[in-house]
Amino acid sequence: MKEIKHFINGEFVGSASGKTFANINPATNQQLGIVHEAGKAEVDQAVAAANAALKGPWGKMPVAERMAILHKVADGINARFDEFLEAECLDTGKPKSLASHIDIPRGAANFKVFADLFKNVPTESFMLDTPDGKGALNYAIRKPKGVIAVISPWNLPLLLMTWKVGPALACGNTVVVKPSEETPRTTTLLGEVMNAAGVPKGVYNVIHGFGPNSAGEFLTTHPDINGITFTGETRTGAAIVKASADHIRHVSFELGGKNPAVVFADCDMDKAIEGTLRSVFANCGQVCLGTERVYVERPIFNEFLSRLTEAAEGMQLGAWDDACTSMGPLISKEHQQKVLSYYAKAIEEGANLITGGGVPEMPGALAEGNWVQPTIWTGLPETATVVKEEIFGPCCHVQPFDSEDEVVAWANDTKYGLAAAVWTENTSRAHRVAAQLDAGIVWVNSWFLRDLRTPFGGMKHSGIGREGGVHSLEFYTELKNVCVKL
Ligand code: NAD
Ligand code: 6OD
């Protein structure tokens with residue numbers, strides 16, 4: 001049984017309290033290992049190590065050397081690709097076909113892209129006239145923000161954690177990471193890669209545990225951290241703001257979504273089906289950017305629905321290492337119960353069940369896993385629970401619409417504002433509708449096509465701030481002005 005420890009000051013350490021929790025395979029619910037749970041003592045040690053590293057070699061290192069080390073981290077992940085792949089798939093149950101294309105390559109890219117990007121971003125300068133006629137020169141410089149607390153979720157563990165750690169380190173910060181209790185493996189494995197790449201001790205620290213009254217809360221309420229970057233549920237974001245309010249520091253929050261896809265009659269149907277199939281069902285629907293509301297223009301509604309249904313019914317549920325598997329399980333029994341409760345609610349509220357709606361029969365050990373069927377409903381009003389609340393499962397409601405104004409109003413009628421997809425071959429319409437949708441990112445004729453130079457984040461209850469490109473630089477650095485009287 002694997003023992004998963006904290007990674008503090010360059011070393012793997014257990015908890016002083018001896019407290020541990022189980023590492024579970026969601027595909028079978030078999031226990032794979034034990035994870036040490038951090039108490040206040042381990043969190044203090046990790047934050048102290050991160051502060052010391054900031055004042056020590058990392059803080060003093062020439063930028064070119066720091067960036068070269070981050071390239072080595074990326075190369076180190078790629079060199080151990082299969083280990084990262086297995087670790088991620090065991091923790092999440094996701095198929096290797098998905099993790100080998102998205103999770104692991106992006107985990108590596110997050111270090112290279114931000115190291116390359118930040119080298120060449122200028123700051124501003126101004127000449128100021130002064131009464132004595134000699135003037136003053138103002139210029140801005142960037143300093144690392146300090147110790148960054150990174151709190152990450154379980155759905156894309158390595159990708160979403162390194163999406164924060166990559167830019168944080170590129171800017172010269174140090175980090176203490178608290179991965180989700182469900183998915184501790186890849187974050188821990190990265191500690192080995194950090195050491196091999198020559199990252200100084202204390203720059204990258206990992207503590208394991210839960211949220212309230214555990215590692216998450218101890219970290220976000222710690223007085224010696226300088227910023228919190230969090231990805232997870234909206235209500236957890238609210239709890240973190242409340243609990244850490246006394247310490248006044250910047251937060252960057254990527255939260256929940258209830259994302260629409262808008263499919264116009266002039267779309268390329270093949271592209272729209274392929275894209276919507278991915279946006280609804282990829283990662284068993286556990287992608288914050290995923291579609292849970294599909295709006296289809298009435299003339300193509302029946303054809304679209306029948307093709308999406310056929311494609312959903314063709315999804316292969318199975319083990320992560322089976323090349324035929326296109327969908328894994330949900331992350332936990334608790335999450336399975338939550339998704340199934342929404343499946344029941346949809347029927348109670350009068351949905352037409354087009355496909356799915358229950359638990360599939362799975363063979364052998366998989367029968368004990370957290371499986372649910374890919375599910376499609378129609379016929380609900382826009383006020384229905386499954387049309388309003390984030391489910392985070394492989395399901396969607398498909399609704400016909402008759403006009404652009406109507407569909408824009410429906411798409412925006414949500415407390416969230418993370419992502420949207422628009423399917424149309426009419427370029428003017430694409431731009432017009434994209435501009436009107438209240439979402440941090442609008443994909444036109446695509447989904448989850450990422451350019452790491454662009455702003456990423458959510459409006460309304462979907463987040464606070466933007467990361468990506470220079471926007472990450474804004475969050476992970478303090479900009480200061482130097483005014484020189486000439
Ligand atoms: P979660 O909020 O339950 O947990 C996220 C992390 O926060 C975990 O590490 C957890 O241990 C920690 N945590 C929980 N309570 C805490 C507390 N009180 N103090 C400090 N830390 C605490 O989220 P999840 O279930 O892991 O992930 C699914 C959710 O995340 C969905 O709502 C999804 O939409 C959202 N998400 C958003 C994005 C985005 O980019 N906007 C990306 C991925 C996931
Ligand atoms: O691609 C990214 O950078 C990103 N933050 C994706 C978020 C996915 C949510 O599940």
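Counting convention: from 1, in listed order, for ligands and their atoms alike. Everything quoted here is computed from the prediction, not taken from an experiment.
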Give the numbers and elements of all ligand 2 atoms closer than 4.0 Å to a heavy atom of Val287.
10 (O)
Report the nearest protein non-hydrogen atom to atom 9 (C) of ligand 2: residue, atom name, distance rounded to 0.1 Å.
Cys288 SG, 2.2 Å
Considering only heavy atoms of Arg106, which atoms of ligand 2 have at least one such atom less than 4.0 Å away?
1 (O), 2 (C), 3 (O)
For ligand 1, note which part of Leu219 has a heavy atom under 4.0 Å away: side chain, backbone, both or neither.
neither
Around atom NZ of Lys72, are there more than 12 heavy atoms from other residues, nucleotides or ligands closer than 6.0 Å?
no
Give a yes/no verdict on whether any heavy atom in Glu254 is under 4.0 Å from an atom of ligand 2.
yes
Starting from atom 28 (C) of ligand 1, locate the nearest protein heavy atom and write down its residue, its atom name and how far away it is, to 0.1 Å.
Phe392 CE2, 3.6 Å
If you have a sec, work out which protein heavy atom is nearest atom 27 (O) of ligand 1 and how many Å separate them, to one decimal?
Pro153 CB, 3.5 Å
Below 4.0 angstrom, N of the basic side chain to O of the carboxylate: do Arg278 and Glu274 qualify?
yes
Worked check of salt bridge (Lys or Arg N to Asp or Glu O under 4.0 Å) between Lys345 and Glu389
CA-CA 11 Å; Lys345 192 83 182 166; Glu389 296 182 11; over 6 Å; no
Ligand 2 to Gln286 polar contact by distance, N or O atoms, under 3.5 Å:
no
Using heavy-atom distances only, which candidate in Thr183, Leu160, Ile151 approaches atom 12 (C) of ligand 1 most closely?
Ile151
Would you call the rings of His250 and Phe475 parallel, tilted or perpendicular, where under 30° means parallel and over 60° means perpendicular?
tilted
Would you say Gly463 touches ligand 1, if touching means a heavy atom closer than 4.0 Å?
no
Within the structure, is a non-hydrogen atom of Pro179 found at a distance of less than 4.0 Å from ligand 1?
yes
Short version for Leu156: what comes under 4.0 Å of ligand 2, heavy atoms counted, is side chain
Short list, please: which atoms of ligand 2 are under 4.0 Å from a heavy atom of Asn155?
9 (C), 10 (O)
Tell me: protein heavy atom nearest atom 2 (O) of ligand 1, and distance?
Thr236 OG1, 2.7 Å
Can you sort out the partners of Lys460 under salt bridge (Lys or Arg N to Asp or Glu O under 4.0 Å), two or more places apart, ordered by chain and number?
Asp438
Which residue holds the protein heavy atom closest to atom 2 (C) of ligand 2, what is that atom called, and what is the gap in Å?
Arg450 NE, 3.2 Å
Please work out which of the three classes, parallel, tilted or perpendicular, describes the rings of Phe12 and Phe7, given edges at 30° and 60°.
tilted
Any protein heavy atom < 4.0 Å from atom 21 (N) of ligand 1
yes
Measure from the ring center of Phe114 to the ring center of Tyr476 and say whether it is less than 6.0 Å.
no
Short N/O distance, under 3.5 Å, between Glu233 and ligand 1?
yes
Please identify which of these residues, Thr20, Val206, Thr188, meets the side chain to side chain contact (heavy atoms under 4.5 Å, CB included) condition with Ile4.
Thr188
Can you tell me which residue pairs pass the side-chain hydrogen bond (donor to acceptor under 3.5 Å, both in side chains) test with a partner in residues 146-173, sequence neighbours excluded?
Asn110-Thr162, Trp163-Glu254, Lys164-Thr229, Lys164-Glu254, Lys164-Glu467
Residue part near ligand 1, for Glu390, under 4.0 Å between non-hydrogen atoms:
side chain
Please compare Gly216, Gly237, Gly211, Ser152 and report which has the shortest non-hydrogen distance to atom 8 (C) of ligand 1.
Ser152
With a 4.0 Å heavy-atom cut-off (strictly under), which part of Glu181 contacts ligand 1: side chain, backbone, both or neither?
side chain
Run the side chain to side chain contact (heavy atoms under 4.5 Å, CB included) check on Leu156 and Lys94 step by step: do they pass?
CA-CA 10 Å; Leu156 299 159; Lys94 66 178 74 190; 3.5 Å; yes
Atoms of ligand 2 less than 4.0 Å from Phe456 heavy atoms?
4 (C), 5 (N), 6 (C), 7 (C)
Parallel, tilted or perpendicular, judged at 30° and 60°: which one describes the rings of His335 and Phe392?
perpendicular
Mind telling me whether Trp443 and Phe448 have parallel, tilted or perpendicular rings, with 30° and 60° as the class edges?
tilted
Please write down residue, atom name and distance for the protein heavy atom closest to atom 36 (N) of ligand 1.
Cys288 CB, 3.5 Å
Short N/O distance, under 3.5 Å, between Thr231 and ligand 1?
no
With a 4.0 Å cut-off on heavy atoms, is Phe230 in contact with ligand 1?
yes
Distance filter under 4.0 Å to Leu418 heavy atoms, resulting ligand 1 atoms
41 (N)
When distances are taken from atom 7 (C) of ligand 2, the protein heavy atom at minimum range is Leu160 CD2, 3.4 Å
Only one of Val150, Val203, Val73 passes side chain to side chain contact (heavy atoms under 4.5 Å, CB included) with Val165; say which it is.
Val150
Hey, is ligand 1 close enough to Leu255 that some N/O pair sits below 3.5 Å?
yes
Below 4.0 angstrom from a heavy atom of Lys178, which ligand 1 atoms are there? Numbered from 1 as shown, please.
8 (C), 9 (O), 10 (C), 11 (O)
Looking only at protein heavy atoms, identify the closest one to atom 35 (C) of ligand 1 and say how far it is in Å.
Gly232 O, 3.2 Å
Chi angles and distances behind the side chain to side chain contact (heavy atoms under 4.5 Å, CB included) call for Arg450, Arg106:
CA-CA 10 Å; Arg450 293 281 288 115; Arg106 255 299 294 283; 4.0 Å; yes
Any side-chain heavy atom of Arg235 sitting closer than 4.5 Å to one from Leu255?
no
I'd like to know if Arg142 and Glu474 make a salt bridge, using a cut-off of under 4.0 Å between side-chain N and carboxylate O.
yes
Are Glu42 and Ile8 side-chain neighbours, meaning at least one heavy-atom pair lies under 4.5 Å?
yes
for atom 25 (O) of ligand 1, nearest protein heavy atom and its distance come out as Trp154 NE1, 2.8 Å
